[in-house]
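In what follows, chains carry the letters A, B, and so on, assigned in the order in which the sequence lines appear, proteins first and then strands, with residues in each chain numbered from 1.
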Number of protein chains: 2
Amino acid sequence: MRHTYHDVEFCATRVALSLLAGKWKPIIFFHLFSGPRRFSELWRDIPRVSKKVLLEQLRQLEAAGLVERTVHNGFPPEVTYQLSTKGAELAPILRRLDQWAVTHIEGVVQIS
Amino acid sequence: MRHTYHDVEFCATRVALSLLAGKWKPIIFFHLFSGPRRFSELWRDIPRVSKKVLLEQLRQLEAAGLVERTVHNGFPPEVTYQLSTKGAELAPILRRLDQWAVTHIEGVVQIS
DNA sequence: TGAACAGGTTACCAGCCGGTAACCTTCTTG
DNA sequence: CAAGAAGGTTACCGGCTGGTAACCTGTTCA
């Protein structure tokens with residue numbers, strides 16, 4: 001059995017896009033580009049996302065190996081999320097995509 | 001009202017990704033990178049996609065301004081799809097994403 | 001003693017997205 | 001005159017994704 005990118009199951013780009021697919025994932029990414037963030041920080045800084053959904057997206061990113069979750073013992077509980085090496089290597093690609101969007105799509109805003 | 005990329009509605013990357021979101025779109029893209037293709041060619045060359053769904057994806061890409069549809073009069077009917085300038089400018093970005101996926105995701109295959 | 005905070009979890013629901021299968025129209029060819 | 005090819009369209013359906021709202025656990029502080 002020969003696999004080519006014609007085969008949707010093995011198309012690298014499709015699989016990559018599926019890891020980024022999710023309403024809040026790009027925003028999470030841009031927040032994590034500048035370093036680790038606590039759960040509550042992300043929840044505060046990303047408007048209109050529910051705890052449940054934010055957590056779901058983070059877990060999916062973690063499962064994909066793009067994000068690492070660290071629990072720091074102590075009180076109050078502190079859990080931080082940060083990009084893995086693999087995840088960080090997406091940064092330049094996402095920035096170029098951002099650039100493309102800003103020049104080609106109206107009403108859209110550049111990352112800070 | 002201030003818009004920042006923190007606002008999911010205006011996050012450029014999210015909007016860009018939403019244009020590419022669709023099971024068959026990356027594959028369609030890679031087929032169109034090498035030039036215009038007839039509908040029946042795409043349908044023949046992309047395994048397991050139904051006419052209806054392929055057409056849907058093409059129409060969405062067209063609506064997004066990434067693909068142009070041309071009807072050539074004559075018989076048999078001939079309709080070709082090709083990337084717009086805007087769409088073609090995504091090529092290098094998608095190729096980098098493909099590269100990233102090939103080096104980081106197992107079982108995934110590079111575009112030819 | 002009970003409120004507040006961090007980081008979750010649970011139940012439940014609506015809408016979208018991709019999927020199958022059959023059908024349509026126009027023209028050409030055997 | 002029937003079949004076939006090109007490019008669709010239509011009816012219908014199941015599962016995934018994102019959404020709301022309420023609840024839980026453990027510790028500290030007033």
Side-chain angles (χ1 to χ4, degrees), chain A residues 6-11 13-15 17-29 31-32 36-64 66-82, chain B residues 6-11 13-15 17-29 31-32 36-64 66-82:
Chain A
H6 302 106
D7 200 321
V8 74
E9 300 303 325
F10 303 99
C11 172
T13 310
R14 167 171 141 74
V15 173
L17 284 172
S18 78
L19 302 181
L20 301 173
K23 184 163 175 181
W24 307 92
K25 294 208 185 95
I27 297 189
I28 293 174
F29 255 93
H31 277 275
L32 296 185
R37 290 283 177 276
R38 299 182 64 163
F39 180 79
S40 48
E41 270 184 291
L42 290 171
W43 192 43
R44 180 169 24 78
D45 294 345
I46 301 178
R48 284 186 294 287
V49 68
S50 73
K51 271 184 175 188
K52 182 207 140 196
V53 170
L54 177 58
L55 197 63
E56 260 174 22
Q57 307 275 310
L58 286 167
R59 291 271 152 95
Q60 287 168 19
L61 291 172
E62 200 193 347
L66 301 178
V67 157
E68 281 154 11
R69 177 175 177 272
T70 313
V71 181
H72 310 267
N73 299 332
F75 207 84
E78 186 176 346
V79 177
T80 57
Y81 294 87
Q82 62 190 306
Chain B
H6 302 107
D7 200 323
V8 72
E9 301 302 327
F10 303 98
C11 172
T13 310
R14 167 171 141 74
V15 173
L17 284 172
S18 78
L19 302 181
L20 301 173
K23 182 162 175 182
W24 306 92
K25 293 210 186 91
I27 298 189
I28 293 174
F29 255 94
H31 277 275
L32 296 186
R37 291 282 178 277
R38 299 181 64 163
F39 179 80
S40 47
E41 270 183 292
L42 291 172
W43 192 41
R44 181 170 20 80
D45 294 345
I46 302 177
R48 284 185 292 289
V49 67
S50 73
K51 270 185 175 188
K52 181 207 140 196
V53 170
L54 177 58
L55 197 63
E56 259 175 23
Q57 307 275 310
L58 286 167
R59 291 272 152 94
Q60 288 168 18
L61 290 172
E62 200 194 345
L66 302 178
V67 156
E68 282 155 11
R69 177 175 176 273
T70 313
V71 181
H72 309 268
N73 299 332
F75 208 86
E78 187 176 345
V79 177
T80 58
Y81 294 87
Q82 62 190 305

Q) Under the 3.5 angstrom rule, does the side chain of A/Trp43 hit a backbone N or O of A/Arg38 as a donor-acceptor pair? A)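 Checked: no pair found.
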Under a 3.5 Å distance rule, please check whether B/Arg14 uses its side chain to pair with a backbone N or O of B/Val8 as donor and acceptor. yes
Would you say [N] has OP1 or OP2 under 4.0 Å from some side-chain N or O of [X]?
X: A/Tyr81; N: C/dG8; answer: yes
X: B/Arg44; N: D/dA5; answer: no
X: A/Arg38; N: C/dA6; answer: no
X: B/Ser40; N: D/dG7; answer: yes
X: A/Arg59; N: C/dT9; answer: yes

Regarding the side chain of B/Phe75, the nearest nucleotide among C/dA6, C/dG8, C/dT26 is C/dT26
Interatomic distance, [X] [atom1] vs [N] [atom2] [rounded to whole Å]:
X: B/Leu54; N: C/dG19; atom1: CG; atom2: P; value: 11 Å
X: B/Glu41; N: D/dA5; atom1: CD; atom2: C1'; value: 15 Å
X: A/Ile46; N: C/dG7; atom1: CD1; atom2: P; value: 14 Å
X: A/Lys51; N: D/dT20; atom1: NZ; atom2: C1'; value: 14 Å
X: A/Leu55; N: D/dA21; atom1: CG; atom2: C1'; value: 16 Å
X: A/Asn73; N: D/dT27; atom1: CG; atom2: C1'; value: 14 Å
X: B/Leu58; N: D/dG8; atom1: CG; atom2: P; value: 9 Å
X: A/His72; N: C/dG7; atom1: NE2; atom2: P; value: 9 Å

side-chain contact (heavy atoms from CB on, under 4.5 Å), that's the test. Do A/Leu20 and A/Phe29 meet it? Break it down for me. CA-CA 9 Å; A/Leu20 301 173; A/Phe29 255 93; 3.8 Å; yes
Any chance you could lay out the side-chain contact (heavy atoms from CB on, under 4.5 Å) test for A/Leu32 and A/Leu61, step after step, and finish with the verdict? CA-CA 12 Å; A/Leu32 296 185; A/Leu61 291 172; 5.7 Å; no
Is there side-chain contact between [X] and [Y], with heavy atoms separated by less than 4.5 Å?
X: A/Leu17; Y: B/Pro26; answer: yes
X: A/Leu58; Y: A/Arg69; answer: no
X: A/Asp7; Y: B/Arg48; answer: yes

When A/Arg48 and B/Val79 are each assigned the nearest nucleotide of DNA chain D, the 5'-most assignment goes to B/Val79
With sugar-phosphate taken as primed atoms, P, OP1 and OP2 and all else as base, the protein-contact string of nucleotides 13-18 of chain D at under 4.0 Å (heavy atoms; B, S, -) is -----S
